[in-house]
Amino acid sequence: MLQQTKNHALERALPVIVWIVCSAILFYDLGGAALFEPDEGRNAEKAREILLLDDWITPHENFLPVLDKPVFFYWLIAASYRAFGVSEWAARLPSALAALGCLVVVYRFARLHWGRAEAVWSILILVTTAEFFILSRVVISDMTLVFCVTLALCAFYNASQAANPRARTGGYFLMYVAMAGGALIKGPIAAVLPGMIIAAYLGIRKDKDTLKQMRLAQGAALFLLLVAPGYLWMESRNPGYLTYFFRDEHFGRFFGSEEFDRSAPWYYFFAVVLVGLLPWTLVIPLTARERWRARWDGKNLFLLLWATLPLVFFSLSQSKLPHYLLPIFPPVALWIAQGAARGVQSRAQFSFYTPWLIQFVILFYFVLGLAWPPILPQRIEPIVERTGTLLIAAAVLLVGIYALFLYARARGLWQGQGSVCLAHAAGALVFMTLIAHLMAAASLERSAKPVVEAAAPWVGRGTQVIFYDTYLTGALFYLGAERPVWVVTRANKKNTVLGNFYLAEDRARPQTPWGAALYTFDEFGEIWSRADRPMVVIVKEKNIPKMKQRSGASGAEIGRFDEYVVLRNRPAETLRHAGKRDG
């Protein structure tokens with residue numbers, strides 16, 4: 001009787017405990033990692049330049065207009081900078097908050113249509129899947145898009161099941177607003193994905209009544225009213241933007257224009273699912289079998305379409321990147337949660353312990369790599385070495401948590417649903433915080449930060465920083481630059497070296513408020529030879545001989561990191577005095 005009372009108390013407290021764990025997983029050491037190249041550095045810098053230029057209409061990178069994405073995602077980051085200061089943490093905050101919003105929407109959906117156990121499992125599973133967790137901690141727009149898509153689809157289904165006309169109308173209104181928000185952040189894909197899922201669902205069910213209740217004409221008008229002013233605003237400041245954005249950035253990417261070389265085999269996204277769902281991948285076969293045997297009600301059909309149609313859609317695209325598939329993770333988590341809520345109390349309970357096995361395998365591999373480094377890839381070896389103590393501590397903690405649970409289970413204790421979920425939550429908190437530390441250690445190999453730190457002592461206010469035949473998108477962020485860096489590259493590449501395909505549409509040399517920022521090799525040689533101010537060049541070591549040959553430029557080495565070398569064009573003492581005077 002006492003044990004039943006304890007189990008009942010744990011069941012009541014479980015949602016609060018899991019919400020605390022999920023929040024800790026999302027926000028723990030959010031700013032610990034340096035900005036990963038190229039996407040994080042690029043997006044964080046675009047938001048910083050909004051504040052520098054006080055231009056809230058046209059995104060800029062290196063003070064040049066970059067219109068591959070709408071400006072509204074960068075508003076979120078710029079607002080975070082305004083509130084908390086410019087930092088990696090502030091840049092990542094919108095993604096983390098969007099991930100938290102996804103959890104709230106998924107929890108409410110599961111609680112409404114199944115129950116508390118399914119709701120708790122759904123958010124714990126979602127926040128611990130590899131792709132969702134990683135993308136909640138990086139500065140890209142995909143998590144905010146997924147929040148909008150998830151909100152739109154859940155609002156639609158809730159409205160379609162609502163008996164109260166006012167609640168139904170409010171749900172559909174929320175759906176259109178969520179689609180509009182996603183379209184402002186990412187583009188028309190925010191309406192395309194929910195639209196095709198809803199259309200397929202209603203078509204299969206031959207549900208004409210719901211279609212009428214959706215008030216498509218009014219919804220389309222509301223959508224355009226919210227979205228069109230922003231796009232027209234950007235077109236007014238950047239003529240040709242709408243043509244470029246819709247033709248090249250969307251149709252061009254999907255059908256594979258030459259600018260976007262991101263092709264991959266048709267089965268690419270199936271591999272993304274298997275890796276992205278870790279450590280829950282091995283639970284999928286059991287869940288699929290259970291769902292196949294279950295009664296196919298509207299909810300499960302809706303989740304199936306939500307999980308599969310984006311997979312098919314993006315598999316047909318000629319442009320493929322792993323984060324494109326993020327919208328399917330909420331429905332997959334909801335599906336697995338149904339199995340977990342039932343499976344941990346059935347003969348299949350041990351199948352839901354397989355995530356622990358995967359965690360142990362990953363940790364064992366890294367710990368073994370500490371003792372025998374040759375089994376690790378060359379780029380991973382220093383990361384594991386830097387986090388060796390944490391790896392061992394995490395392994396000990398996980399063994400302790402799961403061993404204690406299994407011992408208590410074998411003794412007839414901790415038999416309820418809550419104890420299993422709590423063990424998963426405790427293990428997930430340890431494992432995911434370890435992954436956050438591994439990301440922070442790995443970021444130093446993939447960030448502009450250490451390169452800039454090598455150059456920073458020699459960069460004064462009047463010093464011109466130059467990237468020769470390379471470019472690190474986060475350099476301006478870490479320099480705190482108020483003027484552009486110069487990028488030296490081939491003549492036929494000068495408009496696209498920044499990933500700026502909008503400028504490539506116009507063959508005229510792009511200009512910043514301070515003049516040109518892109519130069520050819522020949523132009524650089526002439527500038528270097530007659531320079532009347534300090535210059536610092538960042539170049540890959542392998543390209544130094546070519547730089548000397550092409551441009552006749554040579555300089556003294558003042559720092560290096562990995563493959564990057566930092567050169568100066570003046571004697572050290574002169575440059576140091578110039579930096580102090582200008583700073």
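As a basis for the values below, the full set of heavy atoms in this structure was taken, side chains included, without hydrogen atoms, waters or symmetry mates.
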Verify, without hydrogens or angle tests, whether [X] (side chain) and [Y] (backbone) share a donor-acceptor contact under 3.5 angstrom.
{"X": "S23", "Y": "I20", "answer": "no"}
{"X": "Q464", "Y": "M535", "answer": "no"}
{"X": "N62", "Y": "P484", "answer": "no"}
{"X": "W75", "Y": "A47", "answer": "no"}
{"X": "T387", "Y": "L390", "answer": "no"}

* Neighbour count above 12 (heavy atom, 6.0 Å) for E385 CD ->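 Count not over threshold, so no.
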* Near E563 CD, under 6.0 Å, is it more than 12 heavy atoms from other residues, nucleotides or ligands? ->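 Counting other residues, nucleotides and ligands, CD of E563 exceeds 12 neighbours.
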For the residue pair [X] and [Y], confirm or rule out a side-chain donor-acceptor distance under 3.5 Å.
{"X": "Y478", "Y": "E88", "value": "yes"}
{"X": "W280", "Y": "T129", "value": "no"}
{"X": "Y74", "Y": "K46", "value": "yes"}

* To do: With side-chain contact (heavy atoms from CB on, under 4.5 Å) as the test, would you mind laying out the steps for K540 and V565 before giving the verdict?
  => CA-CA 6 Å; K540 290 183 178 179; V565 177; over 6 Å; no
* Hey, is R42 close enough to E61 for a salt bridge, meaning N to O under 4.0 Å? ->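 Counted as a salt bridge, because a side-chain N and a carboxylate O are separated by less than 4.0 Å.
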So do the side chains of [X] and [Y] get within less than 4.5 Å of each other, counting heavy atoms only?
{"X": "L126", "Y": "I123", "result": "no"}
{"X": "T128", "Y": "F431", "result": "no"}
{"X": "T470", "Y": "Y564", "result": "yes"}
{"X": "E541", "Y": "R560", "result": "yes"}

So, for [X] and [Y], which heavy atoms are closest and what is the spacing to 0.1 Å?
{"X": "F109", "Y": "C154", "result": "CD1-SG, 3.7 Å"}
{"X": "L434", "Y": "A394", "result": "CD2-CB, 3.7 Å"}
{"X": "E40", "Y": "R137", "result": "OE2-O, 3.8 Å"}
{"X": "A44", "Y": "Y81", "result": "O-OH, 3.0 Å"}
{"X": "S95", "Y": "M143", "result": "O-CG, 3.3 Å"}
{"X": "L476", "Y": "R48", "result": "O-NH2, 3.3 Å"}

* To do: Using the six-membered ring wherever Trp is involved, compare the ring planes of F84 and W89 and label them parallel, tilted or perpendicular (cut-offs 30° and 60°).
  => perpendicular
Nearest-0.5 Å distance, [atom1] of residue [X] to [atom2] of residue [Y]:
{"X": "Y365", "Y": "I375", "atom1": "OH", "atom2": "CD1", "answer": "5.5 Å"}
{"X": "F36", "Y": "D39", "atom1": "CZ", "atom2": "CG", "answer": "11.5 Å"}
{"X": "L193", "Y": "T150", "atom1": "CG", "atom2": "OG1", "answer": "10.5 Å"}

* Could you walk me through whether Y267 and S315 pass the side-chain contact (heavy atoms from CB on, under 4.5 Å) check? -> CA-CA 7 Å; Y267 52 82; S315 294; over 6 Å; no
* Are F521 and Y468 an aromatic pair by the rule of ring centers under 6.0 Å? -> yes
* Please check if the distance between the ring centroids of W486 and F524 is under 6.0 Å. => no
* Candidate pair I284 and W335, rule side-chain contact (heavy atoms from CB on, under 4.5 Å), full reasoning -> CA-CA 9 Å; I284 293 294; W335 217 352; over 6 Å; no
* Asked: So F314 and I189, side-chain contact (heavy atoms from CB on, under 4.5 Å) or not? Walk me through it.
  -> CA-CA 11 Å; F314 287 117; I189 193 66; 4.1 Å; yes
